Amino acid sequence: ACHIVWFRNDLRVTDNKALSSACADPEANVLAVFTATPEQWRAHDLSPRQITFIHQNLLELRHSLAQLAIPLICHTVSDFTQAAQWVLDFAQQQQADHVFFNRQYELNEQQRDQWLINQSTSFHVHAFDDALLLPPTSVTNQKGEMYQVYTPFRRAFITQLVTTDYHSAPAPQARGEKLTVPAVSTLFDYDFVDIAPHFPAGEHAARQQLRQFCRLKVKNYSQHRDIPSIDGTSQLSPYLAIGVLSPRQCLNRLLAENPHVFDSPDSGAFTWLNELIWREFYHHLLVAFPRLCRHQPFIEWTRYIQWNNSKEQLKAWQEGQTGYPIVDAAMRQLNTTGWMHNRLRMITASFLVKDLLIDWRLGEQYFMQRLIDGSLAANNGGWQWSASTGTDAQPWFRIFNPTTQGKKFDPQGEFIRQWLPELQAVPDKYIHSPHEWAESNQLKLNYPKPIVDHKQARLNTLEAFEASKRDS
Ligand code: FAD
């Protein structure tokens, strides 16, 4: 028998349901395939860093699969339609009996998979829920509907989770002599970019980082997670986003170090689990409300907001030249590394939408084009939360003050100085309003003055939201 495993967002051999199932029959000839889809990636705004990271992890995956005597065939097409067609043709050519894959929950991805299922007359398709702790549509309220508020979702989620089998499976056994890995070190053509040494490729490195985090950092997570100058979060998002690590592996490691996590709501471990459940929440929402995959706001009336179309202000935000140090430092972190601290994602998103009154979709897109951990569910969820257009979002009349946020979460400007060398000499007291200091000392800073006045901007935004709500 021939079994084909179609790898997509699950670039690992451990705890991979599709791979494990394909390997369950010891006699089967197992082939792994991956389809690179550069046009589709462009249409989905995948960042060059994430594409490079996918490639690096594919090389690692090819190596791990070779140890199991499973070859990885990587084929380049332009988009999802062609990818599904190629898998169909390949399966027929190989006279495959079974094709295995793990589900992806975004709209285009689901359509692609459905097409293959409909066309598969000569083989069986086996699709698995692998990317989340609990599959979408499985956690519902008493009416059988998806929750629209996070806290009751989490409560129901945990109740269900503890009665579910969430063990993580080991890698399948080797199926024969290990294969020699071909010398070619490029699996698809792309203008690859440099990636921060922070994110070494491969599931081994990811698991190591997970282990370290759960052993050393998770206990302080509640106190440290909001301080960008502290390396207090797991930084596992790039691995989770492309499935080099599974959420079950995260949960099991967390439980190994903190067996009572479910009963310790005040612990760092629980706070971290809570973030993993936000990840689930946003994925479940995508499936329950497919309009979220179509650039539409969750809250209908926010569609009518009259956005500010200023290209210069958008550019200043993108480049980290707004004159608000915490915002600018954060944007430079994103531009330089492809990763941004969660607190800063909230601050920069709020600034774009509520201080500049620029359409959140432009911010969402810019993030996606830069992030190494880009994920439609989490990115869209985070943006719609910040923009007050989403489910259980920040209420629209609550507007972060970027200066106060900076003072609160980077009091001495440690993080700011790391990214804004032009503010090196500014004393701590003025690091969040450097021009005040410069002016009183008659110095000239090589740093822009605030591009908007926060107080005024706040009033304008409140008015724009109110008008849209009233007129809808
Ligand atoms: P940790 O604090 O260690 O959390 C562990 C894991 O939980 C993360 O790796 C991530 O997978 C998940 N997680 C944590 N917070 C959230 C959250 N709020 N929503 C969903 N999942 C979460 N996360 C992405 O993975 N991809 C994105 O494209 C993305 N875009 C965002 C955009 C905005 C505007 C905002 C406000 C948040 C966004 N997030 C996104 C969520 C969050 O900022 C990152 O997951 C987190 O900063 C990653 O760092 P970490 O791995 O150290 O997280």
Side-chain angles (χ1 to χ4, degrees), residues 9 44-47 49-50 53 106 131-133 150 153-154 196 198-199 206 209-210 212-214 216-218 220-228 230-251 253-254 268-286 317 327 330-331 333-334 337-354 360-394 400 405:
N9 247 17
H44 284 176
D45 293 313
L46 248 64
S47 78
R49 278 200 191 85
Q50 190 169 42
F53 195 56
E106 299 87 350
L132 298 171
L133 292 168
Y150 175 72
F153 171 83
R154 180 184 71 199
H198 245 74
F199 301 115
Q209 197 165 314
L210 170 65
Q212 289 259 345
F213 175 77
C214 289
L216 303 174
K217 293 191 182 162
V218 84
N220 297 319
Y221 182 73
S222 310
Q223 297 81 39
H224 288 173
R225 60 185 289 254
D226 267 325
I227 311 294
I230 299 179
D231 185 10
T233 68
S234 71
Q235 304 211 1
L236 287 170
S237 50
Y239 301 99
L240 279 161
I242 62 167
V244 178
L245 196 63
S246 82
R248 288 178 301 278
Q249 292 175 310
C250 293
L251 177 60
R253 192 64 337 248
L254 185 69
F270 188 89
T271 311
W272 197 61
L273 173 64
N274 188 47
E275 294 308 317
L276 291 176
I277 303 177
W278 271 104
R279 176 177 177 273
E280 304 271 323
F281 182 60
Y282 285 138
H283 279 90
H284 286 220
L285 283 171
L286 279 193
W317 175 82
V327 173
M331 293 306 290
Q333 177 181 41
L334 173 67
T337 69
W339 187 85
M340 194 198 283
H341 188 278
N342 180 59
R343 170 55 53 181
L344 302 175
R345 295 189 205 207
M346 285 157 57
I347 295 175
T348 51
S350 173
F351 187 83
L352 183 77
V353 179
K354 305 270 179 84
W360 57 273
R361 283 163 284 218
L362 294 173
E364 180 195 18
Q365 181 184 43
Y366 187 76
F367 265 34
M368 204 64 195
Q369 290 170 342
R370 294 290 178 293
L371 284 171
I372 188 173
D373 64 11
S375 142
L376 174 63
N379 193 40
N380 184 272
W383 275 95
Q384 295 224 41
W385 183 90
S386 304
S388 306
T389 62
T391 43
D392 201 13
Q394 169 98 313
F400 283 164
Q405 288 284 313

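No hydrogens, no waters, no symmetry mates; every other heavy atom, side chains included, goes into these values. Note that the coordinates shown come from a computational prediction; the quantities given were computed from them, not determined experimentally. We count ligands from 1, going down the list as the structure has it; atoms in each ligand are counted the same way.
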Please report which non-hydrogen protein atom sits nearest to [atom], along with the residue it belongs to and the distance in Å to one decimal place.
| atom | answer |
| --- | --- |
| atom 2 (O) of ligand 1 | Tyr221 OH, 2.5 Å |
| atom 3 (O) of ligand 1 | Ser234 OG, 2.6 Å |
| atom 5 (C) of ligand 1 | Trp272 NE1, 3.2 Å |
| atom 23 (N) of ligand 1 | Ala378 CB, 3.4 Å |
| atom 6 (C) of ligand 1 | Leu276 CD2, 3.9 Å |
| atom 15 (N) of ligand 1 | Glu275 OE1, 2.9 Å |
| atom 50 (P) of ligand 1 | Gln235 N, 3.5 Å |
| atom 39 (N) of ligand 1 | Arg345 NH1, 3.7 Å |

Judged by non-hydrogen atoms, does [X] sit under 4.0 Å from ligand 1?
| X | result |
| --- | --- |
| Phe213 | no |
| Trp385 | no |
| Met346 | yes |
| Tyr239 | no |
| Gly374 | yes |

Distance-only side-chain donor-acceptor flag, Gln394 / Ser388, under 3.5 Å: no
Hydrogens and angles aside, do Asn274 and Tyr221 bring a side-chain donor and acceptor to less than 3.5 Å of each other? no
Find all atoms of ligand 1 within a distance of less than 4.0 Å from any non-hydrogen atom belonging to [X], and give their numbers and elements.
| X | result |
| --- | --- |
| Leu240 | 9 (O), 11 (O) |
| Trp339 | 48 (C), 49 (O), 52 (O) |
| Ser375 | 26 (N), 27 (C), 28 (O) |
| Arg279 | 11 (O), 20 (C), 21 (N) |

Using a 3.5 Å distance criterion without hydrogens, assess whether the side chain of Asn9 forms a donor-acceptor pair with backbone atoms of Ala241. yes
Do the side chain of Thr348 and the main chain of Val327 share a donor and acceptor less than 3.5 angstrom apart? no
Does the separation of the ring centres of Phe351 and Trp317 fall below 6.0 angstrom? no
Trace of the side chain to side chain contact (heavy atoms under 4.5 Å, CB included) decision for Thr391 with Tyr150: CA-CA 8 Å; Thr391 43; Tyr150 175 72; over 6 Å; no
Would you please test Val218 and Phe213 for side chain to side chain contact (heavy atoms under 4.5 Å, CB included) and show each step? CA-CA 6 Å; Val218 84; Phe213 175 77; 3.6 Å; yes
Is any N or O atom of [X], backbone or side chain, closer than 3.5 Å to an N or O atom of ligand 1?
| X | value |
| --- | --- |
| Asn342 | yes |
| Tyr282 | no |
| Ser237 | yes |
| Asp373 | yes |
| Leu236 | yes |

Under the side chain to side chain contact (heavy atoms under 4.5 Å, CB included) criterion, do Leu376 and His44 qualify, and how do the steps go? CA-CA 9 Å; Leu376 174 63; His44 284 176; over 6 Å; no
Out of Leu352, Ile277, Leu344, Asn379, whose heavy atom is nearest to atom 32 (C) of ligand 1? Asn379
Among Gln50, His283, Arg279, Glu106, which residue meets the side chain to side chain contact (heavy atoms under 4.5 Å, CB included) test with Ser375? His283
Spatial distance of atom CG (Leu286) from atom CZ (Phe281) [nearest 0.5 Å]: 11.0 Å
Derivation and outcome, side chain to side chain contact (heavy atoms under 4.5 Å, CB included), residues Tyr366 and Leu334: CA-CA 10 Å; Tyr366 187 76; Leu334 173 67; 4.2 Å; yes
Are the side chains of Trp339 and Ser237 in contact, using a 4.5 Å heavy-atom criterion? yes
Could you check if a side-chain atom of Ser386 sits within less than 4.5 angstrom of a side-chain atom of Val353, using non-hydrogen atoms only? no
Is it the side chain (CB and beyond), the backbone, both or neither of Leu371 that lies under 4.0 Å from ligand 1, heavy atoms counted? side chain
Applying side chain to side chain contact (heavy atoms under 4.5 Å, CB included), can you list everything that pairs with Asn379, at least two apart in sequence or on another chain? Glu364, Phe367, Met368, Leu371, Trp383
